[in-house]
Amino acid sequence: MIINRCSVIFPTSHIFGGPYIETLLLSLSNSYESVNLFSLNVDKKIENYFNSELNKQNISFEYIKIKKNGFYENLTYSLLKIIIALLRKKNLGTCIGVGFRGGLICLILNIFFKKEFFYYSLETYNNVNSSKIWPLIKLLQNSIVRRASKIIIQSKDRLKVLENETGIDLSKKSLFQANSPIIRFKTSSMISNKILYSGAVSANWSGSSYLEKVIKSLDNNQVYIDDRIKKKDILFPHDHYSFVSSFIAGIAFYDSKNDNNISVIGFSSGKINTYLKCGIPVLINNIEPYASLINEFECGFLVHANSNENDIRDFISQVNNNRDLYRKRCEDCIVYIESFNTF
């Protein structure tokens with residue numbers, strides 16, 4: 001019997017760096033009889049989360065163990081191990097390469113074994129990086145995009161960036177999936193009087209100057225900094241969403257200089273989308289299209305270089321006294337964002 005199968009190839013040990021992979025797997029589990037994720041050094045708790053918490057018995061996981069070497073050694077080694085594991089499978093079904101590494105594996109399978117694939121683009125690789133290896137990475141990115149049957153991406157704004165970087169018209173083979181977790185709007189029995197700042201992966205994504213202004217405008221210790229990257233005991237999604245929904249508001253600042261992945265962020269911020277899905281308003285800097293939506297749905301505060309600290313304090317106080325109202329506004333905003341999904 002032929003099983004309608006899908007293989008998701010995502011060679012990373014940071015499966016829940018954002019909600020995109022969870023959203024992807026859950027979406028696929030509704031369309032395929034069997035969904036298999038190939039990844040690296042992943043904790044068994046993740047499999048238990050999908051099977052037990054979400055009752056998705058048709059999602060399975062294959063973890064490839066790798067050594068903790070340098071980036072490029074790690075990249076080469078992990079690619080080879082995953083390719084070998086994939087070639088041992090009799091029926092991969094539809095292949096989806098997530099991120100550059102996943103796309104690169106699918107590209108190799110396509111060139112040598114004629115395997116059709118989809119590419120889930122998480123970042124674009126543009127000309128701003130001066131590394132000597134960057135032209136090769138960009139060449140490979142273009143090959144991945146050109147050979148993929150479909151491109152899954154997080155918004156039309158992001159698609160335009162990818163088209164500009166590759167010079168390829170992708171209008172006829174693009175699918176959109178907002179970087180938002182598939183959960184019902186969360187409410188928590190815990191109520192916190194703090195503002196949540198989820199730690200950023202890189203300095204470019206931290207918006208530290210804006211964060212400083214917010215911290216100065218609030219009472220001592222009112223900003224809770226949650227650095228999930230450095231934690232040993234990472235909260236799994238069901239715990240994390242309850243945790244997020246207990247806060248008054250969430251902070252998400254981005255420094256958009258010299259990086260198209262941030263300056264044209266589209267709807268790709270897992271941080272902002274998760275805050276909204278959990279029903280807490282956001283404090284953000286002026287980054288589009290989120291800034292316009294926050295104004296339209298009145299579910300947040302735009303922090304500028306000249307923002308008045310009293311205005312920030314007043315906003316937090318207003319939210320704290322009207323949590324149900326702001327929760328509804330956040331829900332309306334994220335429903336609008338997700339209305340652009342075509343995947």
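Shown here for Y254 and S269, the closest heavy-atom pair between the two residues is OH-OG, 2.6 Å. Of all the heavy atoms in C330 and P281, the pair that sits closest is SG-N, 3.4 Å. Scanning both residues, N58 and S29, for their nearest heavy atoms gives ND2-O, 2.9 Å. Considering every non-hydrogen atom in both C333 and L276, the closest pair reads SG-CD1, 3.9 Å. Taking every heavy atom of both residues into account, N36 and E62 meet most closely at OD1-N, 3.9 Å. In this structure, L25 and I59 approach most closely via the heavy-atom pair O-CD1, 3.8 Å.
N295 is listed as a side-chain neighbour of L302, based on a closest heavy-atom distance under 4.5 Å. A heavy-atom distance below 4.5 Å is found between the side chains of I96 and C6. Within the 4.5 Å cutoff, side-chain heavy atoms of L24 are placed close to those of L28. Taking the side chain as every heavy atom from C-beta outward, V282 and I251 never approach each other to under 4.5 Å. Between D314 and N308, the closest side-chain pair of non-hydrogen atoms is not below 4.5 Å. Residues D157 and P289 are in side-chain contact: their nearest non-hydrogen atoms beyond the backbone lie under 4.5 Å apart. With a 4.5 Å cut-off on side-chain heavy atoms, L37 and S60 do not count as touching. In this structure the side chain of I248 reaches within 4.5 angstrom of the side chain of R323, judged on heavy atoms.
Proximity of a side-chain donor or acceptor of R329 to a complementary backbone N or O of G279 within less than 3.5 Å is not detected. In this structure a side-chain-to-backbone donor-acceptor pair under 3.5 Å is present from N273 to F267. Between the side chain of R5 and the backbone N or O of V35, no donor-acceptor pair lies under 3.5 Å. Within the 3.5 Å criterion, the main-chain N or O of S268 finds a donor-acceptor partner in the side chain of N179. When atom types are taken as modelled, the side chain of Q177 and the backbone of N341 share no donor-acceptor pair closer than 3.5 angstrom.
Annotation for K156: atom NZ does not count as buried by contact number, only 12 or fewer foreign heavy atoms lying within 6.0 Å.
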(request) Evaluate side chain to side chain donor-acceptor pair (under 3.5 Å) for Y326 paired with N321, printing each intermediate quantity in order. (result) CA-CA 10 Å; Y326 278 92; N321 294 328; over 6 Å; no
(request) Let me see the working for S339 and V335 under side-chain contact (heavy atoms from CB on, under 4.5 Å), right down to the final yes or no. (result) CA-CA 6 Å; S339 69; V335 165; 5.7 Å; no
(message) side-chain contact (heavy atoms from CB on, under 4.5 Å) for R146 and T166? Distances and angles first, verdict last.
(response) CA-CA 9 Å; R146 188 174 289 107; T166 60; over 6 Å; no
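Legend: salt bridge (charged side-chain N to carboxylate O under 4.0 Å, His left out) pairs involving residues 275-298, not counting sequence neighbours, sorted by first then second residue: K277-E338.
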List the atom pairs, with distances to 0.1 Å, where a side-chain N or O of residues 147-154 and a protein N or O form a donor-acceptor pair under 3.5 Å, not counting sequence neighbours.
| unit_1 | atom_1 | unit_2 | atom_2 | d |
| --- | --- | --- | --- | --- |
| R147 | NH1 | N110 | OD1 | 2.8 |
| S149 | OG | E116 | OE2 | 2.7 |

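For F118, there are no ring-ring contact (aromatic ring centres under 6.0 Å, His included) partners two or more places apart in sequence or in a different chain. Y336 is linked by a ring-ring contact (aromatic ring centres under 6.0 Å, His included) to F297, F340, counting only residues two or more places apart in sequence or in another chain. In this structure, N164 has no side chain to side chain contact (heavy atoms under 4.5 Å, CB included) partners at least two apart in sequence or on a different chain. With sequence neighbours left out, the ring-ring contact (aromatic ring centres under 6.0 Å, His included) criterion links F176 to no other residue. For E163, the salt bridge (charged side-chain N to carboxylate O under 4.0 Å, His left out) test picks out no residue, with sequence neighbours left out. Applying the salt bridge (charged side-chain N to carboxylate O under 4.0 Å, His left out) rule to D311 yields no partners; only residues at least two apart in sequence or on another chain are considered. Listed by chain and number, the residues in a side chain to side chain contact (heavy atoms under 4.5 Å, CB included) with C95 are S7, I9, L92, C106, K115, F117 (sequence neighbours excluded). In terms of the salt bridge (charged side-chain N to carboxylate O under 4.0 Å, His left out) criterion, residue partners of K328 (sequence neighbours excluded) are, by chain and number, D332. In this structure, the side chain to side chain contact (heavy atoms under 4.5 Å, CB included) partners of C278, at least two apart in sequence or on a different chain, are I183, K186, Y241, V244, S245, T274. Every residue was checked against the side chain to side chain contact (heavy atoms under 4.5 Å, CB included) condition with L139, not counting sequence neighbours, and none meets it.
Rounding to the nearest 0.5 Å gives a distance of 7.5 Å between SG of C299 and CG of L293. Going from atom CD1 of I284 over to atom OH of Y275 covers 11.5 Å, rounded to the nearest 0.5 Å. To the nearest 0.5 angstrom, S34 atom OG is 8.5 Å from N91 atom CG. In this structure, CZ on R313 lies 15.0 Å from CD on Q318, to the nearest 0.5 angstrom. Taken from CZ in F100 to NZ in K138, the straight-line distance is 13.0 Å, to the nearest 0.5 Å. In this structure, the separation between CG on N142 and CD on E165 is 8.5 Å, given to the nearest 0.5 Å.
Both I137 and I168 are part of a single hydrophobic cluster, where members link through side-chain heavy atoms under 4.5 Å apart. The hydrophobic cluster containing L175 also contains V98, counting ILVMFWY residues as joined when their side-chain heavy atoms lie under 4.5 angstrom apart, directly or transitively. The cluster map of Ile, Leu, Val, Met, Phe, Trp and Tyr, joined by side-chain heavy atoms under 4.5 Å apart, puts V319 and L325 in different clusters.
Residues Y290 and N285 have side chains that never bring a donor and an acceptor to within less than 3.5 angstrom of each other.
Aromatic ring orientation, F10 versus Y20: perpendicular (interplanar angle above 60°, classes split at 30° and 60°).
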